[in-house]
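Only a predicted model underlies this, so the values are computations on that prediction, with no experimental measurement involved.
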Amino acid sequence: MRPNFKTKTLRKCLTSAAIVAVAISATTAKAQDQEGTESEDTADVIVVTGSRITNPNLELSSPVNVIGRDQIDLAPSLTAEELIRELPGVVSDLGSAVNNGSSGAAEINLRGLGSNRNLVLLNNRRIVPSGLTGVTDTNLIPLALVERVDIVTGGGGTVYGADAISGVVNFVLKDDFEGAEISTSYGVTEESDGSVFRADLTLGGNFADDRGNAVLSVGYRTSDPVLQGDRGFGFESLNSGTGEPRGSGTSVPTAINGQQLDPDTGLLSDDINTFNFNPFNYYQTPFERFNVFGAARYEVAEGIEVYGQGLYSKNTVETQFAPSGLFGTTYNLPLSNPFLTDALRNQICAQPIVGFGQAECDAAAGVTDPTDPNFRAPAVTINRRLVEQGQRQQTLEFDVFQLEAGVRGDITDTIQFDVHAAHGRSTRVRSQNNSGLRSRIQQGLFAVDAENCIDPSNGCVPINLFGSGQDISQEAVAFFNQPVSATTKTELTTVTGSISGDAGFTIPWAETPVNFAIGAEYRDNVASIIPDIASGTPDEILGNGEPLVPQSGSYDVVEVFGELVAPLVEDKPFFHSLTLELGGRYSDYSNTGSNFTWKAGGSWEPVEGFKLRGIYQKAVRSPNIEELFQPTTTGLDNLAVDPCAGANPVGNAQLTATCIAQGAPAGQIGSIPQPSAGQINVTSGGNENLDVEKARTITIGAVIQPAIVPGLTVSIDYYDIVVKDAISETTVNDVFAPCFAAPSANNPTCALIQRNPLNGSLNGGSDTPGATLTLSNLGRFETSGIDFGINYQRELNFATLGLQFNGNYTIENKFQATPTSVNRECAGFYSVACTTIGGIKPEFQLNSRVSLSREEGSISLGWRHISGQDIEPSLEGSFLPEFESIDSYNIFDLAVRGNVMETLNVTFAVDNLFDKKPPIVGNDIGTTDFNSGNTFPTTYDALGRRYTIGATLTF
């Protein structure tokens, strides 16, 4: 059932009322003195993301990109994932723009290495993952309390453990919040759809003579859908090869063994009427979130503080697809089915796949008793879009909570300790409607007459698949359309203790003491999937692809770690500062054994204002629960053209032999259908023998703050990441390319492809494994590039000028699934293989912003640039020429912020200021989750110009 999303009219009324209420309240609210909300004791202790060492005099070697509160406030309607997605060096992943393929979570993918290779933290602490991959759902981040976001790209495994190969995203919350803050915002596209409403209330204050502080934040957010059918460029599904409309081969009327019923003649024809599935899909998925966050701390004795926090989030995400159907799965069709005409029955009998003589066909026509010797129910493939059922709907409901408690304090004047424990649980319930059950379709085909089934159990109603296209009765729909669900549960328990401070001594040429941090951590991960019977049965839910087989697994890890930052030289000629940074972590995993990771780096500032920095890190990532324990199942992947389809094998003896060896009937050579909707069956699963993957990260850079240009900071950093023994799955191309480059029945790669035994296609049920994809430690990832940032602030006579430029140039982004696979370069290229791990990976990205601010408010113009892309070189000529390249993409936003009074500010923002349209490339040039609606909606804006108004009241 759909969650209760408010209508647009009601939402607008509520939003207007909320903003007016905020304004009225501001006229009577008494301004509170905010000075002193951060005590002197806390002001001189900072927590640097990427290290457990806290010292305001030390700047560490890893570059950190920071999103401040001011930037967050410029886009009040965004979620955490949407905020991070637009940063250079971040590749789009699952989020609100992913419909078909969405897990309901919003994930972050640093460097394009996969969301499972970076870590998302909340106040430097892990959050319970949303599923078996161990990835955090950023939808639960309480943005109203976020003070800043730190992004460390280029490692972090030594400090935070596994999953931090490509970096860390740390959401740092406000500390010592006092008073009350009410904020609300409403945004809508220029097409009057996709509205977003958000409201947050935050209360906090000190107590016990400022020895304690408590804060509570409650938030609500909801967003309406945007259908692909509501945008002209997304309404019709386009063939990437021809540019012509291309729908699914599963359409109406019914097709039997690849021939479709012609309503005019009542007979099967070779002409196929395809189905346009685009209009039913979303560019923006409906979303509703309710979250509560609370935290408190109390100084129980001088230098000793206890603290705790709790988080609860309930998120609901909807996805929607075209009506379900019988997608070429094998069914037994009784020749006595009451809806078959004599002519149609005779035609089916004569098909080569069936091969019944006329006498046998006639004898079976009136026999409905399966025990009768003349009863015949030949196996046939049936394609039929169940339009009478309506579009498929999927609701994903998340309930997440996490509790944490700890104690921290001083051991000496310069050494501190921190011990804390946390436990979190995430529950995701996936509910589906309007899919239909295969077993009930099969039961409904075995009918005595138009009203009675041979097997009347479950209230069976006969199903008429042989009319003109709208002939299935609503009674039959109610029989086979049963709601189904599956529940995913994950738990994370963490206990951490650390000691940090200065070591009590200095290097002879330096004044700042050597600083250290040592500690230990225990983590326990448990996850499971509990489907209902239908969800866990292969082929049972129509249109689902792979089943959700019951699975569970767990592992734990014990770790000890240490860091050392040693100032070596300070305030000497050519050595304004020279600092050494070292770190190590020993991990003992219950599933992969013991491993050691380490880092070594430092910084050299020959003169004040010019610093060179660099760090070398070795890290490992242990396999997650899904990679270890996922059962082998048959699902779907992308392939637009099957080399065995159509006339390709005709006259080619080797290709013909290969197709037959893969299971295609010899009689089907020349008429094997192309993949339905650009998708084929694939069979894959976990591997309990997986070991850790090993990564090496190098970062070298410089920071320049010239004294002759006050307010200017320039940074540039080169990074190089190599992941060996990577846990990876072979791609469809890794199977098909080596097979059909030299097709042979003896080619071992060709044996990894198994076809539909009836029509030779790569579609069907569990009798069609399709391509077998294996998971192993044979993969390799390589990425390198340059990050740069320019920040400048200057006081003008009338305002403060702020300039900010953040850019990334990716030199390479390579992925090789196995040593014999293609070592694929994906930086600046797109294809099915290149979008398997995240979306588009541009060579060059730039985010810039210029702003003018005064005490009364500010105006800010943002510019985001994405360099042009090309089709993967090996695929040149396979698609329509204009679809094989994408021009550079520029998008602008404008935000105006006004301080209406001391306690009230209002923001008006326009995103996609010039209504830039996304590039059009068709629907089968990338993976289904990222290439949808004829474009890549996670990278390029498919929604169009959006207006947002927000207000914040503090008192």
Side-chain angles (χ1 to χ4, degrees), residues 81 84-85 87 89-95 98 101-103 105-120 129-138 151-157 160-169 619-628 630 637 684 686-687 690 692-697 719 721-731 734 773 775-785 808 810 812-818 821 823-827 830-842 926-927 929-930 936 938-939:
E81 178 268 336
I84 303 298
R85 184 204 307 167
L87 291 179
V90 178
V91 170
S92 59
D93 215 285
L94 297 183
V98 174
S102 173
S103 67
E107 302 177 358
I108 293 174
N109 185 351
L110 298 181
R111 303 297 189 203
L113 295 179
S115 56
N116 59 339
R117 291 185 177 88
N118 52 241
L119 195 59
V120 175
S130 62
L132 277 66
T133 61
V135 178
T136 297
D137 178 10
T138 59
I151 301 100
V152 181
T153 53
Y160 299 110
D163 312 325
I165 283 177
S166 60
V168 175
V169 178
V620 299
R621 184 182 76 87
S622 189
N624 58 51
I625 291 175
E626 181 171 275
E627 291 166 335
L628 288 168
Q630 183 182 27
D637 209 326
S684 60
N687 182 353
L690 290 174
V692 297
E693 52 186 31
K694 305 177 181 70
R696 182 268 294 154
T697 301
Y719 63 88
I721 304 174
V722 177
V723 184
K724 300 178 180 179
D725 301 330
I727 300 168
S728 62
E729 186 176 78
T730 50
T731 67
D734 290 330
L773 309 181
L775 194 65
S776 69
N777 277 106
L778 299 176
R780 180 183 176 92
F781 293 89
E782 297 177 79
T783 186
S784 61
N808 168 261
T810 302
E812 64 177 0
N813 188 298
K814 292 183 176 180
F815 163 58
Q816 189 175 25
T818 70
S821 302
N823 191 11
R824 181 169 283 104
E825 174 62 77
C826 290
Y830 57 94
S831 65
V832 168
C834 280
T835 53
T836 299
I837 304 173
I840 293 286
K841 302 170 180 64
T927 56
D929 41 6
F930 296 108
F936 292 93
T938 60
T939 302

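A distance-only check finds no donor-acceptor pair linking the side chain of D734 to the backbone of S821 [under 3.5 Å]. In this structure, T697 contributes its side chain and S166 its backbone to no donor-acceptor pair below 3.5 Å. The backbone N or O of T835 sits less than 3.5 Å from a side-chain atom of T927, completing a donor-acceptor pair. Checking side-chain atoms of E693 against main-chain N and O of I727 turns up a donor-acceptor pair under 3.5 Å. Looking at T136, its side chain never comes within 3.5 Å of a backbone N or O of P129 through a donor-acceptor pair. Checked by atom type and distance alone, the side chain of N624 never pairs as donor or acceptor with a backbone atom of L628 at under 3.5 Å. Side-chain atoms of K841 come within 3.5 Å of backbone atoms of C834 as a donor-acceptor pair (strictly under, hydrogens ignored).
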- Item | Verdict with reasoning, V723 to R621, per side-chain contact (heavy atoms from CB on, under 4.5 Å) | CA-CA 10 Å; V723 184; R621 184 182 76 87; over 6 Å; no

- Item | From CA spacing to verdict: side-chain contact (heavy atoms from CB on, under 4.5 Å), D637, L773 | CA-CA 10 Å; D637 209 326; L773 309 181; 4.0 Å; yes

- Determine, step by step, whether S103 and L94 satisfy the side-chain contact (heavy atoms from CB on, under 4.5 Å) criterion, reporting the C-alpha distance in whole Å, the side-chain angles of both residues, the deciding distance to 0.1 Å, and the verdict. CA-CA 8 Å; S103 67; L94 297 183; 3.7 Å; yes

- Determine, stepwise, if the pair R824 / T731 fulfils side-chain contact (heavy atoms from CB on, under 4.5 Å). CA-CA 11 Å; R824 181 169 283 104; T731 67; 4.3 Å; yes

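Legend: residues meeting side-chain hydrogen bond (donor to acceptor under 3.5 Å, both in side chains) with N118, ordered by chain and number and at least two apart, are absent. Scanning for salt bridge (Lys or Arg N to Asp or Glu O under 4.0 Å) contacts around E825 gives an empty result, with sequence neighbours left out. Checked against ring-ring contact (aromatic ring centres under 6.0 Å, His included), F930 has no partners two or more places apart in sequence or in another chain.
In this structure, Y830 and F936 have perpendicular ring planes: the angle between them is above 60°, well past the 30° mark.
Rounding to the nearest 0.5 Å gives a distance of 7.5 Å between OG1 of T810 and CZ of R111.
The two residues S130 and D137 have their closest heavy-atom pair at CB-CB, 3.7 Å. Shortest non-hydrogen contact noted between T939 and S92 is OG1-OG, 3.2 Å. Nearest heavy atoms, K694 versus V620: CG-CG1, 4.3 Å.
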